[in-house]
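The structure under discussion appears below in the form of structure tokens.
Everything numeric in this text was worked out from a predicted model, so none of it was measured. The basis for the numbers below is simple: all heavy atoms, side chains too, and nothing from hydrogens, waters or symmetry mates. Residues: numbered from 1 along the sequence shown.
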Amino acid sequence: MTMIDRRAMIAASSAALLLPRPLMAQSRGEAFSWDALVAMAQRLARAPFKETPLHPGAAKVDYDALHQARFREERTLWSDLPGHTGVRFFPLSANAAQPVSIAIVENGRATPLRYDPSMFDTPPGNAVAALGPDAGFAGFRIMNAARDGDWLSFLGASYFRAPSPQKQFGLSARAVAINTSIAGKEEFPRFTHFWLERTGADSVTVHALLDGASITGAFRFVSQLGPQGVRQDVTAALFPRRPIEELGLMPMTSMFWYDQANRTQGTDWRPEIHDSDMLAIASANGTAHCRPLTNPAAPRVDVFAERDPAGFGLLQRDRDFSHYQDDGVFYDRRPSLWATPSKRLGPGEVRLYAFPTDSEYTDNIAAYWTPSASVRPGRRIDASYRLDWSATQRPASAATAWVTDVWRGHGDQESQDRLVVDFADVTEAKPEIWADVAHGALIKKAGYPVLGQRNLFRVVLDVARQGGGTTDIRVQLRSGNRAISEYVHYPLGA
């Protein structure tokens, strides 16, 4: 599987350029509407796919050149409105070499923006300055009112991301995922055109046209910055060009190297390194599932069959600085991302795909919804959902107790594995422990309140693995027939 380098995206997002209003074409623009964008995507799906050529000079814009090129702050788009969101633009680079078209929408009319090298203040010989006046943009970012940080960015393929309320970026989302878990078949359709519309002091609507070998689409992101983070209401109309074996909707991409449960996988001095540590799923019947993330020895896909799930997301639950000791990129401040469908999804699966990594520079985790219905040309696929980028450790659900930590080690015998799961907010005095083991045997289970820790309950399971594969453990706290905790899924040996 080939993934876009997460650090390349982060590097690019730290060197932005600014565009003044005079760089817009001097015309009233063309009429623009959501219906027109959907029709455009539908027409595009009937035509053969044509890849956008790479800009010939972009390969010379490396990490250093990108950071040396300084934007001119006074040229931020919408800078004439103090206290309002502004927009800055990314130059082409070695990691984002295909230009995108960007237009501004006002009063139902779209006016294209023109790229200009003078948007940058660059040192002599900088490769950004050599791109030329018709190079085009790589993407853009939405600035906060103080212009000292951004709260939303679109850069590379169909990727976009927002920070936590602590202004720290982490995982990314994308428009669609195509054949992500199928070896050698993954595709990365890309946004080729954007239309930006200012809708408030801290809100922007982004319209985008998606194009790829297997699919086209129209997207609308109604995005709002609030005190709890960024919220996006997403509407999409997708048009397959050809059959798609695995279509992923509401996809999100993250990084997990190691945590306290698999510390031996890390070679770094920091105790933990990950952007996310948990996949959480809210089922339609109120069941809350959680799958702690792992760094597998080989590519792995976990499938959770659902009908009309209430939502799912990749969370960064561990928000204790002392657990990371990272005073540079602050993993304890990384955002959690939760997707809430706006209408019933029907039958399908939440899929978690992971492949091995030995560093923090590669996104090796993907989560997405795959509908059961086949994906074939001529069939329109509509999607509507909400994305919440926040610092939440748990989504709202019927389950009270939630997993805070998972630990691993040897059991009473060295041939056995011990799994320790800590649940927070356990109010039952003596909860029942339900546990199940597949491809292994449960040797012992125990549970007790942790002394000195309010409502923290610890479950200890000793397991004997069978064969050389993965032993899958499921555990939940119950009171009679009533679940009082998340339903935990954990793979030993993954």
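- Across all their heavy atoms, V488 and P292 have their closest contact at CG1-CD, 4.2 Å.
- For the pair R190 (side chain) and Q98 (backbone), a donor-acceptor distance under 3.5 Å is present.
- Ionic pairing of E246 and R351 is present here: one or more N-O contacts between side-chain nitrogen and carboxylate oxygen are shorter than 4.0 angstrom.
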>> Test side-chain contact (heavy atoms from CB on, under 4.5 Å) on Q224 and V222; report intermediate values, then the result.
In response: CA-CA 7 Å; Q224 174 78 44; V222 180; over 6 Å; no
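- A distance of 10.5 Å separates CZ of F457 from CG of D422, quoted to the nearest 0.5 Å.
- To the nearest 0.5 Å, the span separating CZ on F188 from CD1 on I178 amounts to 10.5 Å.
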>> Working note: T122 + Q68, criterion side-chain hydrogen bond (donor to acceptor under 3.5 Å, both in side chains); need CA distance, chi angles, decisive distance, verdict.
In response: CA-CA 6 Å; T122 58; Q68 291 169 359; over 6 Å; no
>> Apply ring pair (Phe, Tyr, Trp, His ring centres under 6.0 Å) to residues Y324 and H274 and explain how you reach the verdict.
In response: CA-CA 9 Å; Y324 301 92; H274 50 79; 5.2 Å; yes
> Does the pair Q393 and L315 meet the rule for a side-chain contact (heavy atoms from CB on, under 4.5 Å), with working shown?
Replying inline: CA-CA 6 Å; Q393 295 172 290; L315 311 180; over 6 Å; no
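- The backbone N or O of R333 sits less than 3.5 Å from a side-chain atom of S164, completing a donor-acceptor pair.
- Within a 6.0 Å radius of CG in N107, no more than 12 heavy atoms belonging to other residues, nucleotides or ligands are found.
- Panel note: side chain Q316, backbone A391; no donor-acceptor pair is recorded below 3.5 Å.
- In the displayed structure, Q228 atom CD is contacted under 6.0 Å by at most 12 heavy atoms of other residues, nucleotides or ligands.
- Between the CG atom of L419 and the CD1 atom of I473 there is a distance of 5.0 Å, given to the nearest 0.5 Å.
- Contact check on R317 versus D405 returns no salt bridge, with no Lys/Arg side-chain nitrogen under 4.0 Å from an Asp/Glu carboxylate oxygen.
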> Could you go step by step and tell me if Y490 and T294 meet the side-chain contact (heavy atoms from CB on, under 4.5 Å) rule?
Replying inline: CA-CA 9 Å; Y490 196 87; T294 60; 3.8 Å; yes
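- A side chain to side chain contact (heavy atoms under 4.5 Å, CB included) with F239 is found for exactly one of I215, V38, L210, namely V38.
- A distance of 6.0 Å or more separates the ring centres of Y368 and Y353.
- For the residue pair T370/E349, the side-chain donor-acceptor check at 3.5 Å is not satisfied.
- Using a 4.0 Å cut-off between charged side-chain N and carboxylate O, R70 and D121 make no salt bridge.
- Residues T111 and E106 bring no donor and acceptor atom of their side chains to less than 3.5 Å of each other.
- The aromatic rings of Y487 and H289 sit tilted relative to each other, their planes meeting at an angle between 30° and 60°.
- Side chain of N144 to backbone of A146: a donor-acceptor contact under 3.5 angstrom is found.
- Judged by distance alone, with hydrogens and angles left aside, the side-chain atoms of S485 form a donor-acceptor pair with the main-chain N or O of L477 at under 3.5 Å.
- Remark: E73 CD to D148 CG distance equals 9.0 Å, nearest 0.5 Å.
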> Step by step, would you call R174 with E186 a salt bridge (Lys or Arg N to Asp or Glu O under 4.0 Å)?
Replying inline: CA-CA 14 Å; R174 47 179 162 159; E186 184 170 26; 3.4 Å; yes
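- Of the candidates F219, W195, F32, F32 is the only one forming a ring pair (Phe, Tyr, Trp, His ring centres under 6.0 Å) with H207.
- Between R114 and D116 there is no salt bridge, since no side-chain nitrogen of the basic residue lies less than 4.0 Å from a carboxylate oxygen of the acidic one.
- For R394 (side chain) and V403 (main-chain N/O), no donor-acceptor pair under 3.5 Å exists by modelled atom type.
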> Does the pair R474 and Q476 meet the rule for a side-chain hydrogen bond (donor to acceptor under 3.5 Å, both in side chains), with working shown?
Replying inline: CA-CA 7 Å; R474 297 179 297 165; Q476 188 178 48; over 6 Å; no
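- When atom types are taken as modelled, the side chain of S336 and the backbone of T392 share a donor-acceptor pair closer than 3.5 angstrom.
- Ion pairing of E428 with R482 is present here, as a side-chain N (NZ or NE/NH1/NH2) and a carboxylate O approach within less than 4.0 Å.
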> Taking it one step at a time, do S93 and N95 satisfy side-chain hydrogen bond (donor to acceptor under 3.5 Å, both in side chains)?
Replying inline: CA-CA 5 Å; S93 67; N95 293 302; 5.0 Å; no
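- Ring-plane geometry between F154 and F140 is classed as parallel, the angle between the planes falling under 30 degrees on a 0 to 90 degree scale with a further cut at 60.
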> Going through the distances and angles, do Y385 and K343 end up as a side-chain contact (heavy atoms from CB on, under 4.5 Å)?
Replying inline: CA-CA 8 Å; Y385 55 96; K343 60 182 182 180; over 6 Å; no
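- Atom CZ of F137 sits about 9.5 Å away from atom CG of L92, to the nearest 0.5 Å.
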Considering only distance and modelled atom types, tabulate donor-acceptor pairs under 3.5 Å from the side chains of residues 230-237, sequence neighbours left out.
{"residue": "R231", "atom": "NE", "partner": "D388", "partner atom": "OD1", "Å": "2.6"}
{"residue": "R231", "atom": "NH2", "partner": "D388", "partner atom": "OD1", "Å": "3.1"}
{"residue": "Q232", "atom": "OE1", "partner": "W389", "partner atom": "NE1", "Å": "2.9"}
{"residue": "Q232", "atom": "NE2", "partner": "S223", "partner atom": "OG", "Å": "3.2"}
{"residue": "D233", "atom": "OD1", "partner": "R386", "partner atom": "NE", "Å": "2.7"}
{"residue": "D233", "atom": "OD1", "partner": "R386", "partner atom": "NH2", "Å": "3.1"}
{"residue": "D233", "atom": "OD2", "partner": "R386", "partner atom": "NH2", "Å": "3.2"}

>> Could you walk me through whether F191 and Y159 satisfy the ring pair (Phe, Tyr, Trp, His ring centres under 6.0 Å) test, starting with their C-alpha distance in whole Å, then the side-chain angles of each, then the deciding distance to 0.1 Å, before giving a yes or no?
In response: CA-CA 9 Å; F191 289 134; Y159 284 85; 9.9 Å; no
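- Ring geometry for Y115 against F120 counts as tilted: the plane angle lies between 30° and 60°, on a 0 to 90° scale.
- Side-chain atoms of R319 come within 3.5 Å of backbone atoms of R334 as a donor-acceptor pair (strictly under, hydrogens ignored).
- Contact between S276 and S254 at its shortest, heavy atoms only, is OG-OG, 2.7 Å.
- P163 and D150 get closest at one heavy-atom pair: CG-O, 3.8 Å.
- Taking CZ from F423 and CD from E486, the interatomic distance works out to 7.5 Å, rounded to the nearest 0.5 Å.
- Checking side-chain atoms of D202 against main-chain N and O of G226 turns up no donor-acceptor pair under 3.5 Å.
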>> Go through it in stages, so that I can follow the logic: the residues are T76 and R88, the test is side-chain hydrogen bond (donor to acceptor under 3.5 Å, both in side chains), and I'd like the CA-CA distance, side-chain angles, deciding distance and then a yes or no.
In response: CA-CA 6 Å; T76 302; R88 296 177 181 172; 2.9 Å; yes
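- F355 and D363 make their closest contact through CZ-O, 3.4 Å (heavy atoms, listed as atom of the first residue, atom of the second, distance).
- Checking side-chain atoms of D318 against main-chain N and O of D320 turns up a donor-acceptor pair under 3.5 Å.
- The cationic atom of R161 (NZ for Lys, CZ for Arg) lies less than 6.0 Å from the six-membered ring centre of F169 and within 45° of the ring axis.
- Under a 4.0 Å N-O distance rule, the pair D326/R270 qualifies as a salt bridge.
- Of all heavy-atom pairs between V426 and A401, the closest is CG2-CB, 3.6 Å.
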